[in-house]
2 protein chains.
Amino acid sequence: MDKNLKRMATMHRMQVTGLELFYKQGYYNTSIDDILKELSLSKGAFYYHFQSKEDFFISIVQNLIVQKVYSMLIEPIEGKEDPFRTIDKCFENALETAEHNEYDYGFVLSNFMAEFNGRNEEISKYLRDIYRVWEVNLVTILQKGKTDGFVARHIDSEGVATYLISSFIGIRMLMVEGNSKMLSYQFMQQLRHYLASMVQQELV
Amino acid sequence: MDKNLKRMATMHRMQVTGLELFYKQGYYNTSIDDILKELSLSKGAFYYHFQSKEDFFISIVQNLIVQKVYSMLIEPIEGKEDPFRTIDKCFENALETAEHNEYDYGFVLSNFMAEFNGRNEEISKYLRDIYRVWEVNLVTILQKGKTDGFVARHIDSEGVATYLISSFIGIRMLMVEGNSKMLSYQFMQQLRHYLASMVQQELV
DNA sequence: AAAAAAACCGACCAAGTGGTCGGTAAGAAA
DNA sequence: TTTCTTACCGACCACTTGGTCGGTTTTTTT
């Protein structure tokens, strides 16, 4: 933690409100004034703390978005025993949280990835890094699952991780369109079906 | 086809260029002037043909995007025999096309869904409609596949359709980040694995 | 309490934004 | 050829955008 308390407090408030609005309205569709109005702060305050809108957003990615993804999707999986049970629980929990969020606009990471893909390489890079950590994390637990006898040895951990991430990104996108309860239920059923097809069969 | 040839030609040119830029840069990040500059046309021409930017975009959805999704994802599946083979081929073809597209910015439908979700209900509605047709289409072929003995009877067609769409949306998003060849290969392997687990077993 | 540094204010700027409107080419109808 | 309609032009408008800067308040240091 930095010592500079007031500074950090104001910056943090701006970042929190910034993420809220960027998430809700999109980056390009949200102006700095929108954020400042919400906080009753001035342009001067903003540009005292941040160099530009882009710099501001990157700080949000590194401070808030990273943390969100970690606590929701990465930490719940790290170092656990049974990969499939763990992934099942983690995804279920993530979907349930989204489902009960009245103001759900989708998966933070993929929303911004969609908005910046091919348009802002700098920001894309930071977002991509987060997704990579997630992927590595999944691959790790799957590999460990093989040696621990949970996961069939012939499966391709990287491929499974890719498929899991893909399906998660997609379902979160669909859920925003409404009917999220039904969708997440259907999704979890199929996910279980998919995972079940990869458990290590008992040696007879 | 409308008779008004010149009218239709100009409108069409605007729509094509519009979709190109909206797809590449995003809707909110693309100005009407951007499009007009590309075509050496004036504001007057634009507002002679379209009422507003939103009206313009909706016409693009209804004319171009619908058609793109249909020809790539819906028609190749309609009325075919073996559902899993058909879906496999269709997805593989779609991914391959994307993979070889140097200027790939992701899945048109889901990109715009992400951009407008919760921000423009009008436009979201039209996009949602397309996705619904796709879903119904998948469910239909799966159900037919049951009676034809291709698909295990116990599976939930709606659930499978949702899962397929989710994973497709997700993988297309990931592919933009690069390494698309490897990603689409991994994806297809897992898709096949998933589909294979649902084939109707031979009655002994 | 005085001085210095940190935090914040808000008027201002140039460069856009979506959209309007009176006018003008060009092709079809008379 | 004249008339009329369709298609298009581009200056203009009100408003918003990201960003600057000289100045003021608040906090910390001395």
Side-chain angles (χ1 to χ4, degrees), chain A residues 1-61 63 112 115-116 119-123, chain B residues 1-61 63 112 115-116 119-123:
Chain A
M1 271 291 175
D2 278 55
K3 263 186 148 184
N4 235 323
L5 278 183
K6 179 128 195 227
R7 179 186 181 85
M8 296 312 278
T10 305
M11 287 178 81
H12 192 253
R13 282 176 63 217
M14 286 179 178
Q15 290 167 334
V16 169
T17 305
L19 176 54
E20 223 168 79
L21 293 186
F22 286 145
Y23 172 60
K24 195 188 290 185
Q25 314 176 359
Y27 176 83
Y28 292 112
N29 197 31
T30 302
S31 68
I32 296 171
D33 278 330
D34 287 344
I35 298 160
L36 263 13
K37 207 180 294 167
E38 193 103 336
L39 293 165
S40 301
L41 283 171
S42 67
K43 274 266 172 71
F46 182 88
Y47 283 96
Y48 176 75
H49 291 292
F50 303 100
Q51 283 178 32
S52 64
K53 192 185 181 186
E54 180 172 332
D55 172 64
F56 175 57
F57 186 77
I58 290 176
S59 85
I60 291 180
V61 174
N63 288 297
F112 289 127
E115 192 165 8
F116 293 113
R119 320 198 226 287
N120 187 319
E121 185 49 38
E122 175 84 358
I123 293 180
Chain B
M1 273 291 176
D2 278 54
K3 263 186 151 185
N4 235 323
L5 278 184
K6 181 133 194 223
R7 179 187 181 85
M8 296 312 280
T10 305
M11 286 179 81
H12 192 253
R13 281 176 63 218
M14 287 179 178
Q15 289 167 334
V16 169
T17 306
L19 175 55
E20 223 168 80
L21 293 186
F22 286 144
Y23 171 61
K24 194 188 293 185
Q25 314 177 4
Y27 176 83
Y28 292 111
N29 198 31
T30 302
S31 70
I32 297 172
D33 278 329
D34 287 344
I35 299 160
L36 263 12
K37 207 179 294 166
E38 193 103 335
L39 293 165
S40 301
L41 283 171
S42 67
K43 274 269 172 71
F46 181 87
Y47 283 97
Y48 176 75
H49 291 293
F50 303 100
Q51 283 179 33
S52 64
K53 191 185 181 186
E54 180 172 330
D55 172 65
F56 174 56
F57 186 77
I58 291 176
S59 86
I60 290 180
V61 174
N63 288 298
F112 289 128
E115 192 164 8
F116 293 113
R119 319 198 228 287
N120 187 318
E121 185 48 39
E122 175 84 359
I123 294 180

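The model shown is predicted, which means the values in this text are computed figures rather than measured ones. Only this structure's heavy atoms are used, side chains among them; waters, hydrogens and symmetry mates stay out. The chains referred to below are lettered A, B, ... by the order of the sequence lines, with proteins before strands, and numbering in each begins at 1.
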Verdict with supporting geometry, A/Glu115 and B/Glu115, side chain to side chain contact (heavy atoms under 4.5 Å, CB included): CA-CA 7 Å; A/Glu115 192 165 8; B/Glu115 192 164 8; 5.5 Å; no
Of residues 22-34 of chain A, the positions that come close to DNA chain D - non-hydrogen atoms, cut-off under 4.0 Å: A/Thr30, A/Ser31, A/Ile32
Strand-adjacent residues in residues 49-60 of chain B, judged by heavy atoms under 4.0 Å from DNA chain C: B/Ser52, B/Lys53
Take atom [atom1] of [X] and atom [atom2] of [N], then tell me their distance rounded to the nearest Å.
X: B/Arg13; N: D/dA7; atom1: CZ; atom2: P; result: 14 Å
X: B/Lys37; N: D/dC9; atom1: NZ; atom2: P; result: 15 Å
X: B/Tyr47; N: C/dG22; atom1: OH; atom2: C1'; result: 18 Å
X: A/Ile35; N: D/dT16; atom1: CD1; atom2: P; result: 16 Å
X: B/Phe46; N: C/dC21; atom1: CZ; atom2: C1'; result: 16 Å
X: B/Tyr48; N: C/dA25; atom1: OH; atom2: C1'; result: 13 Å

What's the shortest heavy-atom distance between [X] and [Y], and which atoms?
X: B/Gln25; Y: A/Arg119; result: O-CD, 3.1 Å
X: A/Met14; Y: A/Leu39; result: CA-CD1, 3.7 Å
X: B/Thr30; Y: B/Leu21; result: OG1-O, 3.3 Å
X: B/Asp55; Y: B/Ser52; result: N-OG, 3.1 Å
X: B/Leu41; Y: B/Thr10; result: CD1-CG2, 4.1 Å

Partner set under ring pair (Phe, Tyr, Trp, His ring centres under 6.0 Å) for A/Phe50, not counting sequence neighbours: A/Phe46, A/Phe56
Ring pair (Phe, Tyr, Trp, His ring centres under 6.0 Å) partners of A/Phe112, counting only residues at least two apart: A/Phe57
Any A/Thr10 side-chain N or O less than 4.0 Å from OP1/OP2 of C/dC8: yes
Strictly under 3.5 Å: I want the nitrogen or oxygen pairs between protein and nucleotides 10-12 of chain C, one per line.
from	atom 1	to	atom 2	distance (Å)
C/dG10	O6	A/Gly44	N	2.8

A/Lys53 charged N/C atom sitting above A/Tyr47 aromatic ring, 6.0 Å / 45°: no
Inter- and intrachain pairs under salt bridge (charged side-chain N to carboxylate O under 4.0 Å, His left out), touching residues 29-44 of chain B, at least two apart: B/Asp33-B/Lys43
Trace of the side chain to side chain contact (heavy atoms under 4.5 Å, CB included) decision for A/Phe22 with A/Ile35: CA-CA 9 Å; A/Phe22 286 145; A/Ile35 298 160; 3.8 Å; yes
